[in-house]
*Asks:* 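I have a structure here, written as structure tokens, and I will follow up with some questions on it.
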Amino acid sequence: MCGRFALNDTPDAVQSLLAVTDFEPFPPRYNIAPTQPILMALSGPTRAAGSNLPARQSVLVRWGLIPSWAKNPADLSLLFNARSETAAEKASFRTAMRHRRALVPANGFYEWRRVGSKRAEPYWIRPRDGGLIAFAGLMESWSEPGGAEMDTGAILTTEANEDLRGIHHRMPVVIKPEDFDRWLDCLNREPRHVGDLMKPAEPGFFEAVPVSDRVNKVANAGPELQDRVDRHEGASSDPKPENDGGQLDLF
């Protein structure tokens with residue numbers, strides 16, 4: 001599962017990773033939650049030969065995909081994650097999986113380990129070597145009855161690798177930079193052609209840092225959320241993180 005993540009690197013670092021330039025500078029974000037805006041990169045329009053314009057485009061979307069066919073989003077669960085194993089067949093995700101695969105820049109994500117029946121311990125899960133990564137994402141545009149259009153998105157998940165499955169059984173799909181073009185190429189590659197990319201990160205790629213349960217509240221959004229804590233002093237007593245924007249089930 002991926003119900004919270006962070007993007008606290010610089011806009012220049014994001015531009016360097018994703019090769020996109022068409023976004024406004026943004027401040028560090030240490031506690032991004034569903035229904036909040038998130039940055040995605042998609043394949044851009046075909047460029048003329050010799051063009052020095054980027055081949056990708058960025059878009060700011062609501063984190064929580066709304067299928068284009070939905071009449072009333074309030075009738076749907078909050079679709080902030082999509083299971084990679086079934087996304088190509090599910091009615092909510094299959095069109096986006098075929099036509100609008102995306103990259104979601106992040107510095108890591110948060111996950112909660114269930115302890116007994118009434119406690120959950122939060123962890124900040126980051127690349128062991130630091131830096132930015134890109135989650136596999138899906139983008140969908142939804143039109144309100146009045147005609148206004150909203151861009152929405154979800155993050156694809158897969159089975160957790162051996163390092164993380166003791167915390168949670170799911171993890172976001174990470175796309176490596178050398179696979180960006182293939183993942184984003186929805187014109188020439190169907191979902192079956194990129195199925196091999198939707199797999200757990202290799203062992204040792206991530207490290208899990210125990211952190212304070214302050215991350216459970218969306219209003220807490222500072223860098224101290226990623227500080228390591230002594231679990232005896234910082235153990236969580238809240239079974240779930242708070243979510244102000246809709247349904248959120250991390251377990």
Side-chain angles (χ1 to χ4, degrees), residues 1-9 14 17 29-41 61-66 77-87 90 92-93 96-97 101-114 120-128 131-140 152-176 183 197-202 205-211 213 215-218 221 225-226 236 239-251:
M1 209 46 113
C2 179
R4 297 283 179 82
F5 72 99
L7 177 58
N8 48 265
D9 227 313
V14 173
L17 176 70
R29 300 176 66 196
Y30 294 93
N31 196 7
I32 302 172
T35 74
Q36 293 181 352
I38 63 172
L39 183 66
M40 285 187 164
V61 311
R62 169 196 185 264
W63 187 17
L65 187 142
I66 303 176
S77 297
L78 183 55
L79 304 176
F80 57 91
N81 284 163
R83 293 178 65 93
S84 60
E85 299 91 339
T86 57
K90 292 289 186 180
S92 296
F93 303 117
M97 187 69 190
R101 296 190 297 269
L103 298 168
V104 182
N107 286 93
F109 64 103
Y110 299 96
E111 195 53 87
W112 283 256
R113 181 171 73 94
R114 176 74 76 181
E121 298 176 340
Y123 289 82
W124 164 236
I125 300 172
R126 64 189 181 190
R128 192 173 299 275
L132 273 171
I133 53 176
F135 298 145
L138 301 175
M139 196 278 277
E140 187 64 272
T152 70
I155 292 173
L156 286 156
T157 66
T158 185
E159 293 184 356
N161 64 16
E162 61 187 64
D163 296 332
L164 302 183
R165 66 173 61 112
I167 299 174
H168 197 274
H169 65 284
R170 303 291 293 179
M171 67 184 299
V173 174
V174 177
I175 304 296
K176 297 179 179 179
W183 172 253
L197 301 181
M198 294 183 288
K199 59 186 179 183
E202 61 269 20
F205 182 83
F206 283 116
E207 64 177 344
V209 179
V211 295
D213 60 6
V215 73
N216 292 9
K217 294 185 178 297
V218 176
L225 298 181
Q226 297 174 3
S236 172
K240 291 184 182 180
E242 167 191 284
N243 176 54
D244 293 336
Q247 301 173 41
L248 177 60
D249 187 357
L250 294 183
F251 308 102

*Asks:* Search all heavy atoms of Trp63 against all heavy atoms of Cys2 and return the closest pair with its distance.
*Replies:*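 Between these two residues, the closest heavy atoms are CZ2-O, 3.2 Å.
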*Asks:* Kindly indicate, with the supporting measurements, whether the criterion side chain to side chain contact (heavy atoms under 4.5 Å, CB included) is fulfilled by Leu79 and Ile66.
*Replies:* CA-CA 7 Å; Leu79 304 176; Ile66 303 176; over 6 Å; no
*Asks:* Any donor and acceptor pair, going by atom type alone, linking the side chain of Thr152 with main-chain N or O of Arg62 inside 3.5 Å?
*Replies:*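 Absent.
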*Asks:* Indicate whether any N or O donor in one side chain lies under 3.5 Å from an N or O acceptor in the other, for Arg4 and Asn31.
*Replies:*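 A donor-acceptor contact under 3.5 Å links the two side chains.
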*Asks:* If you measure from CH2 on Trp112 to CG on Asn216, what distance do you get to the nearest 0.5 Å?
*Replies:*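 Going from the CH2 atom of Trp112 to the CG atom of Asn216 covers 6.0 Å.
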*Asks:* Can you find a pair of side-chain heavy atoms, one from Leu17 and one from Leu103, that are under 4.5 Å apart?
*Replies:*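 No. Closest side-chain heavy atoms not under 4.5 Å.
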*Asks:* Donor-acceptor pair, distance only, cut-off 3.5 Å: does the side chain of Asn107 make one with the backbone of Asp9?
*Replies:*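 Yes, because the side chain of Asn107 sits within donor-acceptor range (under 3.5 Å) of the backbone of Asp9.
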*Asks:* With side chain to side chain contact (heavy atoms under 4.5 Å, CB included) as the criterion, how do Ile133 and Phe5 come out once you've worked through the C-alpha distance, each side chain's angles and the decisive distance to 0.1 Å?
*Replies:* CA-CA 11 Å; Ile133 53 176; Phe5 72 99; over 6 Å; no
*Asks:* Which pair of heavy atoms, one from Ile175 and one from Ala136, lies closest together, and at what distance?
*Replies:*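 That closest heavy-atom pairing would be CG1-CB, 3.8 Å.
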*Asks:* Do Gln226 and Asn8 meet the criterion of a side-chain donor-acceptor pair at a distance under 3.5 Å?
*Replies:*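 Yes - a donor-acceptor pair under 3.5 Å links their side chains.
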*Asks:* I'd like to know if Glu85 and Arg170 make a salt bridge, using a cut-off of under 4.0 Å between side-chain N and carboxylate O.
*Replies:*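 So Glu85 pairs with Arg170 through a salt bridge.
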*Asks:* Would you check, one step at a time, whether the test side chain to side chain contact (heavy atoms under 4.5 Å, CB included) holds for Val211 with Tyr123?
*Replies:* CA-CA 5 Å; Val211 295; Tyr123 289 82; 5.6 Å; no
*Asks:* How far does CZ of Arg128 sit from CD of Glu207, to the nearest 0.5 angstrom?
*Replies:*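 One gets 5.0 Å once the value is rounded to the nearest 0.5 Å.
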*Asks:* How many angstroms lie between CZ in Phe80 and OG1 in Thr35, if you round to the nearest 0.5 Å?
*Replies:*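 The OG1 atom of Thr35 is 10.5 Å from CZ of Phe80, to the nearest 0.5 Å.
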*Asks:* Does some side-chain heavy atom of Pro210 sit less than 4.5 Å from a side-chain heavy atom of Arg113?
*Replies:*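 Arg113 vs Pro210: side chains apart.
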*Asks:* Please round to the nearest 0.5 Å and tell me the distance separating atom CG of Leu164 and atom CD1 of Ile125.
*Replies:*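 If I round to the nearest 0.5 Å, the distance is 5.0 Å.
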*Asks:* In this structure, which one of Leu65, Val104, Val173, Leu138 forms a side-chain contact (heavy atoms from CB on, under 4.5 Å) with Ile155?
*Replies:*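 Single side-chain contact (heavy atoms from CB on, under 4.5 Å) partner of Ile155 among Leu65, Val104, Val173, Leu138: Val104.
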*Asks:* Please answer whether the main-chain N or O of Met171 pairs with a side-chain N or O of Thr157 as donor and acceptor at a distance below 3.5 Å.
*Replies:*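 Checked: no pair found.
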*Asks:* Within the distance-only criterion (no hydrogens, no angle test), does the side chain of Arg126 pair as donor or acceptor with the backbone N or O of Gly108 below 3.5 angstrom?
*Replies:*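 Pair absent, no side-chain N/O of Arg126 close to backbone of Gly108.
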*Asks:* Give, for atom CZ of Arg83 and atom CG of Leu156, the distance between the pair rounded to the nearest 0.5 Å.
*Replies:*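 Here the rounded value is 11.5 Å.
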*Asks:* Which pair of heavy atoms, one from Ala102 and one from Met40, lies closest together, and at what distance?
*Replies:*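 Closest approach of Ala102 to Met40, heavy atoms only: CB-SD, 3.9 Å.
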*Asks:* Which heavy atom in Ala221 sits nearest to a heavy atom in Tyr30, and how many Å separate them?
*Replies:*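 Result for this residue pair: O-CD1, 3.5 Å.
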*Asks:* If the plane angle is over 60° it's perpendicular, under 30° parallel, otherwise tilted; pick one for Tyr110 and Trp124.
*Replies:*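 Ring orientation of Tyr110 relative to Trp124: tilted.
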*Asks:* Report the C-alpha separation of Met198 and Trp183 in whole Å, then their side-chain angles, then the decisive distance to 0.1 Å, and conclude whether the side chain to side chain contact (heavy atoms under 4.5 Å, CB included) test is met.
*Replies:* CA-CA 10 Å; Met198 294 183 288; Trp183 172 253; 3.9 Å; yes
*Asks:* Nearest 0.5 Å, what's the NE2-CD distance between His168 and Glu111?
*Replies:*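 Between atom NE2 of His168 and atom CD of Glu111 there are 4.5 Å.
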*Asks:* Quick check: Phe206 with Phe109 (ring centres under 6.0 Å apart)?
*Replies:*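 Close enough - the centres of the two rings lie under 6.0 Å apart.
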*Asks:* So with a 6.0 Å cut-off around CD of Glu159, is the heavy-atom count from everything else above 12?
*Replies:*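 Check fails, neighbour count at 12 or below.
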